[in-house]
Structure formats: structure tokens, C-alpha cells
Protein chains: 2
Amino acid sequence: MTSFREKAILEAAKSVFMEKGYSGARMQKIADKANINKSMLHYYFRSKEQLFGDIIEDMTLNIVAKYSCIIDSEITVIEKFDKIIDEYTDLMVQNPYAPLFLLNEISQNNSKHINTMKAAISNSRSSNKFLKQILKEQKLGLIKSTPSNQVIFTVLSLLVFPFIANSFVKNILEIEDESYTQIILERKALIKTVLRQFLMT
Amino acid sequence: MTSFREKAILEAAKSVFMEKGYSGARMQKIADKANINKSMLHYYFRSKEQLFGDIIEDMTLNIVAKYSCIIDSEITVIEKFDKIIDEYTDLMVQNPYAPLFLLNEISQNNSKHINTMKAAISNSRSSNKFLKQILKEQKLGLIKSTPSNQVIFTVLSLLVFPFIANSFVKNILEIEDESYTQIILERKALIKTVLRQFLMT
DNA sequence: GTCTATAATTTGATAGAC
DNA sequence: GTCTATCAAATTATAGAC
């Protein structure tokens, strides 16, 4: 059971880790954000490493759960992509720094937390099932024949990249938060259009 | 004039920074990789911060130069995108970790180096010119009317994301380096096709 | 220019009183 | 459970001999 305090710590830690990354995050800053004494961090979570691990695990499980739920439903490939585009756009609008953070930490951290994510991902055997469905619909002529990994890459690229580039665009091109969100929301329809062109023509 | 030693240090530092990020990088490791005494790092480059700054500046200038060269040539928008897709794919195949590294450091580092990049980017006034060309060709009916920022986002998404997800895909899905490069090279043609569908139909 | 030794600082973690 | 004081380790940076 997670206490009020624990929740406050987790929330503060998540925001600091996402902003600075694991190595750049400071326990003192997490404590400050949680309005708590630094020692208490070690009381509730033994170490920085463990606090980090808990957050990674939580984020991964959330993402995988949402994905599995969509993938396991009995609808067409394109309908699934549409749902993924809608729901993940909304999720990432709430957590715009999450994608870059996760990709980066996975790339840098050479061990433990990757296993956490691997476990979460391979526990759900949804992915294989989805790849099979893509092949099946391609054979039936419902969608064009393209290597399934290229299909996945294309959807993910269009969907995720704008969030990855969020800070870059805002910092370098000096765009404000609201217009950025606006652009992102406009993209939902655009991505669906591009995807249909890609899969059906 | 950069000596042999300086080059060795810069190369070593670049690889360590790209692998671990600024906060995660260790001066000792850079020294080891450059086969040099740790003190010498401070002799040639005053501090970690400055060493990092020099590398960021160098990488940015390289990227901007290549971009400007393509953008300033007298060819159509689609021809420019084709060239960008070809040349940046090749560049990123050589430096697959550069995109994630740069995006991440810009997002995390709240000051100095962002100005380095801003300067490099705004010194070349190519971007505005290119945006104007897009609008012009849209008015002429050569390409479909879509907000130009969405056009840019779409191209960059398709082009850059696979490199950002490089380590993720390799770590989580356990794909080897060669097949990854293969997928990436296949994508050149695919992206051009998708882009034509997007801009012309 | 190069190396050894060491300073100075940061930072994660703990001991111990309350 | 909470706080203060402090430790121990890691890490950047420098002094100074050669």
C-alpha cells in the first residue's frame, strides 16, 4: 500500500528523473520537490537506484497495458493503429517528456532496468499476435504488402517523434507550449491520413 | 590548429558523451579511451563543460552545414527532401547515436549549449527561405497544401525516429546491428514513397 | 607536455536523537 | 516517522615536480 508520502516522492522523482535523466537527477532536488527531508527518500526507498527502478517499472507497465488492451481487441489493423494514435497522443500530451526519457535511459543504462522492461513487454505476448494479423490482412489484400517491421516503424515514427523533439523545437525555434500542443493534436488526423495512404495505395 | 592529441581526446570524449550523456560521462573514461593521462584533458580543454561544449558545437555545425548546402541549392522541394533523406541517412548510419544524444542534451541542458546551437542554426538563414519555397510550391499546386511545420515534422519523423529508437529496438527486441542497418537502408526508398503520397495526393 | 599527488566539491547514504 | 549531522565515495580540477 502506497502512502500519501510515497506518492508525493514518486511524483517528484518522476519529474526530476524525466527532466535530468538518471545521472543528472539529484536526490536533494527530488526531496525539495516532494517537500520532504532528503533522509526520508532513503527511508521509503532504499536508494536512488531503487527509486528509479520503481518509476521505470511503473511507466513501462502503464504503456504496455494500454498497448495490449488495444492490440488484443477484435478489430482490424487500421482500426488498431487509429486507436493507438488517439490514445497514445493523449497519453503523451499528459507526459510529453516520457518518450525521450525512456528511450534515452534504455539506451544508456546497460543492464538492470532493461530487464524490467523486457519482462513487462514479453509478458504480454500481444506483439507476435499483432504481427501475424498484419501478415494475414496483407495476404487478404486488405492492406498493401510491406515488411511488418517497416509498418511498425512508420507508425511509431509519425506518432512518437514530435514528442521526442518537443524540447528541441521549443528551445531552438522558440515555440510556446500551447501552439505545440495544438500542432500535436492536429497531427492525429494527419497521421491517420498518411497511414491510410501508406497501407492502402 | 588541433594537434593529434586534441583530436584523440575529442574523438574519445564524443564517444563517451554520446554513450552516457553529459552527467553520466566520466573524465577518467575519456582519458582511458584516448590513451592519455586524465590531467591532460584539463590541459587541452579547461573543463568537462568546455570539452562538451566544443563537441556540441562541432556536431551542430556539421549538421547545419550539410542542411544549408542542400536547402540553398536551386531544386524543387521534393528534390531537396530526397537529398536530405539520402545524405542524412548515410550520416546517421555513421553516427547512429548522435540524434538521440543531441535531442536529449538539448532537452536536459538548460542553458549554454542551447545558445551554441541556436547561433549555429540562426546564422544560416536557410530555414526561412525553405519555408517560403514550400508555400510557393503549394500555391502553384506542385504540392498539396499542408501547414509547413507539419510537412517538416512528417519528414523528420520518418527520417530520424528509427535512429532514435536504435538502442531500444536492439536491446528490447534483440535485433543485431547488421539487420538494423539493413532496415534503415530499405527505409530510404520507403520514406520517399510515403513523402510523395503525402505531398502530392 | 606529461605525470603524480592531492585539493575541493558534490552527492548518495547512514547514524542516532527525538 | 522525522530531522540534523555526518560519513564515505566518487569525481572534477589543480599544484607542482620533471
Side-chain angles (χ1 to χ4, degrees), chain A residues 1-59 101 104-105 108-114 116, chain B residues 1-58 101 104-105 107-114 116:
Chain A
M1 190 179 90
T2 50
S3 69
F4 170 75
R5 271 280 142 89
E6 281 175 286
K7 275 181 204 159
I9 294 174
L10 283 170
E11 192 182 352
K14 189 174 165 184
S15 90
V16 174
F17 280 132
M18 285 212 284
E19 193 187 331
K20 299 287 186 180
Y22 178 78
S23 328
R26 296 291 162 249
M27 295 295 269
Q28 185 61 60
K29 191 161 187 181
I30 294 173
D32 292 347
K33 259 204 175 157
N35 277 318
I36 212 175
N37 189 288
K38 185 162 69 98
S39 305
M40 300 312 289
L41 295 181
H42 293 91
Y43 176 78
Y44 284 108
F45 304 84
R46 173 166 299 282
S47 64
K48 182 183 182 183
E49 189 72 31
Q50 188 184 313
L51 182 52
F52 184 75
D54 286 4
I55 288 169
I56 291 284
E57 186 170 16
D58 180 63
M59 293 178 78
F101 166 71
N104 198 57
E105 294 299 329
Q108 286 179 8
N109 253 293
N110 20 1
S111 51
K112 309 173 196 173
H113 310 299
I114 290 177
T116 306
Chain B
M1 188 180 94
T2 49
S3 68
F4 170 74
R5 270 280 141 87
E6 281 175 285
K7 275 181 205 160
I9 294 174
L10 284 169
E11 192 183 351
K14 190 174 166 186
S15 89
V16 174
F17 279 133
M18 286 212 284
E19 192 186 332
K20 298 287 186 180
Y22 178 79
S23 325
R26 297 291 164 247
M27 295 295 266
Q28 185 61 61
K29 191 162 187 179
I30 294 173
D32 292 346
K33 257 203 177 157
N35 276 317
I36 212 175
N37 189 288
K38 186 163 66 100
S39 306
M40 300 311 290
L41 295 180
H42 293 91
Y43 175 78
Y44 284 107
F45 305 83
R46 174 168 298 280
S47 63
K48 181 183 183 182
E49 189 74 31
Q50 189 185 312
L51 182 52
F52 183 74
D54 286 4
I55 288 168
I56 292 284
E57 186 171 18
D58 180 64
F101 167 71
N104 198 58
E105 293 300 328
S107 305
Q108 287 179 6
N109 252 292
N110 20 2
S111 53
K112 309 172 196 176
H113 311 299
I114 291 177
T116 306

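Below, read A as the first sequence line, B as the second, and so on, with proteins coming before strands; counting in each chain starts at 1.
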Working note: A/Arg26 + A/Lys20, criterion side-chain contact (heavy atoms from CB on, under 4.5 Å); need CA distance, chi angles, decisive distance, verdict. CA-CA 9 Å; A/Arg26 296 291 162 249; A/Lys20 299 287 186 180; over 6 Å; no
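In terms of the side-chain contact (heavy atoms from CB on, under 4.5 Å) criterion, residue partners of A/Arg46 (sequence neighbours excluded) are, by chain and number, A/Gln50. Scanning for side chain to side chain donor-acceptor pair (under 3.5 Å) contacts around A/His113 gives A/Glu49, with sequence neighbours left out. In this structure A/Ser39 satisfies the side chain to side chain donor-acceptor pair (under 3.5 Å) test together with A/Asn37, sequence neighbours excluded.
As rounded to whole Å, 14 Å separates atom C1' of C/dA13 from atom CD1 of A/Ile30. Between the CZ atom of A/Phe4 and the P atom of D/dG1 there is a distance of 13 Å, given to the nearest Å. At whole-Å resolution of the value, CZ in B/Arg5 and P in C/dG1 are 10 Å apart. The distance between atom OH of B/Tyr43 and atom C1' of D/dA15, rounded to the nearest whole Å, is 15 Å. Residue B/His42 contributes atom NE2, which lies 5 Å from atom C1' of D/dA13 at whole-angstrom precision. Separating the NZ atom of A/Lys20 from the C1' atom of C/dT10 is a distance of 15 Å, rounded to the nearest angstrom. Atom CE of A/Met40 is separated from atom C1' of C/dA15 by 15 Å (rounded to the nearest Å). Between A/Phe45 atom CZ and C/dA13 atom P the separation is 13 Å, expressed in whole Å.
Using a 4.0 Å heavy-atom distance criterion, B/Met27 is classed as a sugar-phosphate-only contact. Looking at heavy-atom distances under 4.0 Å, B/Ala31 makes no contact with the nucleic acid at all.
Interface residues of residues 46-54 of chain A facing DNA chain C, ordered by number: A/Ser47, A/Lys48; criterion, heavy-atom separation under 4.0 Å.
Side-chain atoms of A/Glu105 come within 3.5 Å of backbone N or O of A/Tyr22 as a donor-acceptor pair.
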Using atom names, set out every protein N or O paired with an N or O of nucleotides 5-9 of chain C below 3.5 Å, distance rounded to 0.1 Å.
none

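Checked against the 6.0 Å centroid threshold, A/Phe17 and A/Phe52 count as a close aromatic pair.
Residue A/Arg26 places no side-chain N or O under 4.0 Å from the OP1 or OP2 atom of C/dT10. OP1 or OP2 of C/dT2 has at least one side-chain nitrogen or oxygen of B/Tyr44 nearer than 4.0 Å.
Pairing each heavy atom of B/Ile36 with each of B/Arg5, the nearest pair is CD1-CD, 3.3 Å. Considering all non-hydrogen atoms of both residues, A/Asn104 and B/Gln108 come closest at ND2-NE2, 4.3 Å.
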Donor-acceptor contacts, no H, no angles, side chain residues 6-15 of chain A, under 3.5 Å, sequence neighbours left out:
| unit_1 | atom_1 | unit_2 | atom_2 | d |
| --- | --- | --- | --- | --- |
| A/Glu6 | OE1 | A/Ser3 | N | 3.0 |
| A/Glu6 | OE1 | A/Ser3 | OG | 3.4 |
| A/Ser15 | OG | A/Ala12 | O | 3.1 |
| A/Ser15 | OG | A/Lys33 | NZ | 3.1 |

